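Please read the structure below before turning to the comments.
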Amino acid sequence: MDLLSQLNAQQQKAVTISDGPVLVLAGPGSGKTRVLTHRAAWLVQERGVPPWHIMAVTFTNKAAREMQGRLEQILGPSRARSMTLGTFHAICARILRREADAIGIPRDYVIFDAEDQVRLVKQALQDLNLDEKRYPSRSVLNAISRAKNELITPQAYQASSYYGEIVKRVYERYQALLEANSGLDFDDLLMVTAQLFGQHPEVLARYQERYQHILVDEFQDTNMAQYVLLRQLSGKYHNLFCVADEDQMIYAWRGADYRNIRRLREDHPNLVTILLEQNYRSTQTILDAANAVIRHNPDRTEKRLFTRRGRGPAIVIHEAYDQNDEAAFVVETVTRLMARDGVQPGDCAVMYRTNAQSRAFEDAFVRAAIPYKLVGATRFYARAEIKDLIAFLRLIHNPADGVSMSRVINVPPRGLGQKTVELVEDTARRQGISVYEALRKLAHAPQLGTRAQRALGAFLELLEGWIAVREQIGVAELMDRVLQDTRYADYIRDGTEEGEERWANILELRNVAASYADLTLTEFLADVALVSDVDGLIGEVNAVTLLTLHSAKGLEFPVVFITGLEEGLLPHSRSLESPEQMAEERRLMYVGLTRAKDRLFLTYTFRRSQYNGDLSVPSRFLADIPGELVSGSHRRRVIERSRSAGLWIK
DNA sequence: TGATCGCGCCTTTTT
DNA sequence: GGCGCGATCA
């Protein structure tokens, strides 16, 4: 069968294994995702499983789209599309939309993204008269998010310290605010779905029948809530097929729990474990370097990774003077590889630990006129102008959405200040009505100055006009109406370059809406909240990829640059405190190294002009890479520099 | 009300 | 070194 002919014996075994719980433990580049995809296809093609009984969970939307594409090639579009594919969040969002009534959430709930969450926490802190300086919203939000990932409700939250007591109070208030705005945050999508299944066995039973086969990619990065969801859904048929690599667990900070692998074993005594050890991606040189780095982590199952790809070129370690010199080296190298070795820009990736490092590379690539694309960073959907327009749409969709209302009530400025906005919100709260109703009352109330009243009235009129047509016209047309009625272009195109860029972003969002013309407003808003990168929506271009090590997970490139290999940056200074965090940094480095197929360049600077301007110390990870894998005399220099800085060398 | 200035802050990673 | 926030002024 040609479905299996491209796979090796181990992979075939995994794909064709009989029903029941399965864990595939595999190293990087071993075809994990491919095994998962083929398993899904095999179930349909050979076992006659109806595709709608299969659910495949991926880590990112992009991975889901790629898997969809491959399945369409194998099974044909219609069968592939009747499978359920996506991230946990996307799948849960759909389930909740359908089962809203059972769990008592509004059917038209909106998803609150990270920025909305921070706003809401700030509001909660203010409501409780807590000082934001002492209780930074970000850190409180982190604690709340962690609790939700563990399925702990505000009521069940156990405060073990004074700070914990504060968190508990803010959490309670925050949750009330979310509810008042008919919002669910990212973590709620998982938590509420788990609650739904826990409280309504009859609903769960329906989904257990629906999803008789569940496949999970990147299982090592699931959190407690996700694990519980998997246990609930697979509770009847136990056809759970998980693919994992412990060495690539890089999301502990966001609640990913390595113990889930152990839990899986404990919960399923009949779990079949399969190891995939052959690597199809990288040269032996790259694999050896990666192994040398990851070896230092304690408590891991040693894997014997091997490849048939041969040694390949040596790794290049380069010391640059500062970050601009580092970027220049990268650009020069890319240029040289393009000229001499026929490398395409799209073959190359530049990776770094923090998004802030991307700027120097962007500048350098712009100057060299080499196309590049930036993954993440100021994410498209997090840009102010995009959030403005989406807030308008959300408000039209659900006029009770107070967060969106307060975002755009005075955008562009129409003479409504803080005081008037507060009055609207207070009225809503005191009378127990929505902000929209409060707005309607106040727009004709005499207690306001004429100026504020007229501004409120004008805004209300606009809003009502849009609401009146929201069912009749498409999302793109609705956007046009909003942009036109608010004269948004005049507001944003201030003659500066940034202004033009912002306007271009607006137009791009409009194009996205136009290209999904069949989506209703509700569907569009649901999708938008769950999409993180617009690159996925615009399609592939032949450009150098600039991305963080985290977002490199699951990708591969012929040429990889890992930059900023300095103590304090990679490993990051925030991870120096605990061995667990240091181990995670090491895994992050491992993920980066193993993205490379052929060529690997590792760079660090002599001095990174940062806040303190000190000389930098080369990363300890560099010193782990055996000298014979590296070309030139760089390695000796690294070790000397590390030694003179007093760093312990193994 | 809104714009501007200056201060002080921190500085990871993302569905 | 940049950004967000708050205070201050028009």
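Worth saying up front: this structure is predicted, and the values here are computed from it rather than measured. Residue numbers begin at 1 in each chain, while the letters A, B, ... track the order of the sequences.
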Take the protein atom CZ of A:Arg608 and the nucleotide atom C1' of B:dT11, then report the distance between them rounded to whole Å.
-> 13 Å
Review item, nucleotides 7-10 of chain C N/O atoms under 3.5 Å of protein N/O:
none

Mind checking salt bridge (Lys or Arg N to Asp or Glu O under 4.0 Å) for A:Glu150 and listing every partner two or more places apart, or none if nothing turns up?
-> none
Which of B:dT14, B:dT12, B:dT15 is nearest the side chain of A:Ser551? It is B:dT14
What do the steps show when you test A:Asp108 against A:Arg394 for salt bridge (Lys or Arg N to Asp or Glu O under 4.0 Å), and what is the final call?
-> CA-CA 10 Å; A:Asp108 58 352; A:Arg394 274 200 199 179; over 6 Å; no
Looking at the rings of A:Tyr171 and A:Tyr174, which for Trp means the six-membered one, are their centres under 6.0 Å apart?
-> no
Quick one: label A:Tyr251 by what it contacts on the DNA or RNA (base, sugar-phosphate, nothing), any heavy atom closer than 4.0 Å.
-> sugar-phosphate
Output for pair (A:Glu584 CD, A:Tyr251 OH), nearest 0.5 Å, gives 9.5 Å
Under 4.0 Å between a side-chain N/O of A:Asn410 and OP1 or OP2 of B:dG2, yes or no?
-> yes
A:Glu584 atom CD is separated from B:dT14 atom C1', nearest whole Å, by 12 Å
Atom NZ of A:Lys553 and atom P of B:dT15 are separated, to the nearest Å, by 10 Å
Looking only at side-chain N and O atoms, does A:Arg353 come under 4.0 Å of OP1 or OP2 in B:dT13?
-> no
How is A:His89 classified with respect to the nucleic acid when contacts are heavy atoms under 4.0 Å: base, sugar-phosphate, or nothing?
-> base
Distance, rounded to the nearest Å, where A:Arg254 contributes CZ and B:dT14 contributes C1' | 5 Å
Nucleotides 3-5 of chain C: which of its N/O atoms have a protein N/O under 3.5 Å away?
{"residue": "C:dC5", "atom": "OP1", "partner": "A:Lys122", "partner atom": "NZ", "Å": "2.8"}

Can you check the A:Asp217 CG to B:dT15 C1' distance for me, whole Å?
-> 15 Å
How are the rings of A:Trp253 and A:His550 set to each other: parallel, tilted or perpendicular (split at 30° and 60°)?
-> perpendicular
Whole-Å distance, A:Gln581 CD to B:dT13 P, equals 14 Å
Yes or no on salt bridge (Lys or Arg N to Asp or Glu O under 4.0 Å) for A:Asp221 and A:Lys553, after CA distance, side-chain angles and deciding distance?
-> CA-CA 11 Å; A:Asp221 279 315; A:Lys553 182 162 100 158; 2.3 Å; yes
Can we call the ring centroids of A:Phe361 and A:Tyr372 under 6.0 Å apart?
-> no
Measure from the side-chain N and O atoms of A:Arg353 to the backbone N and O of A:Leu569, and report whether any donor-acceptor pair falls under 3.5 Å.
-> no
Using a 4.5 Å cut-off on heavy atoms from C-beta on, say whether the side chain of A:Phe197 contacts that of A:Leu229.
-> yes
Would you please confirm or rule out a distance under 4.0 Å between OP1 or OP2 of B:dT12 and any side-chain N or O of A:Asn355?
-> no
Does A:Ser575 have a side-chain nitrogen or oxygen under 4.0 Å from the phosphate oxygens OP1 or OP2 of B:dT12?
-> no
Counting distance only, does the side-chain N/O of A:Thr594 pair as donor-acceptor with the main-chain N or O of A:Val591 below 3.5 Å?
-> yes
Calculate the interatomic distance between A:Leu569 atom CG and B:dT13 atom C1'; express it in whole Å.
-> 12 Å
Tell me which of A:Glu585 and A:Asp187 sits closer to the 5' end of DNA chain B, going by the nucleotide each one is nearest to.
-> A:Glu585
How many Å lie between CE on A:Met224 and P on B:dT15, as a whole number?
-> 23 Å
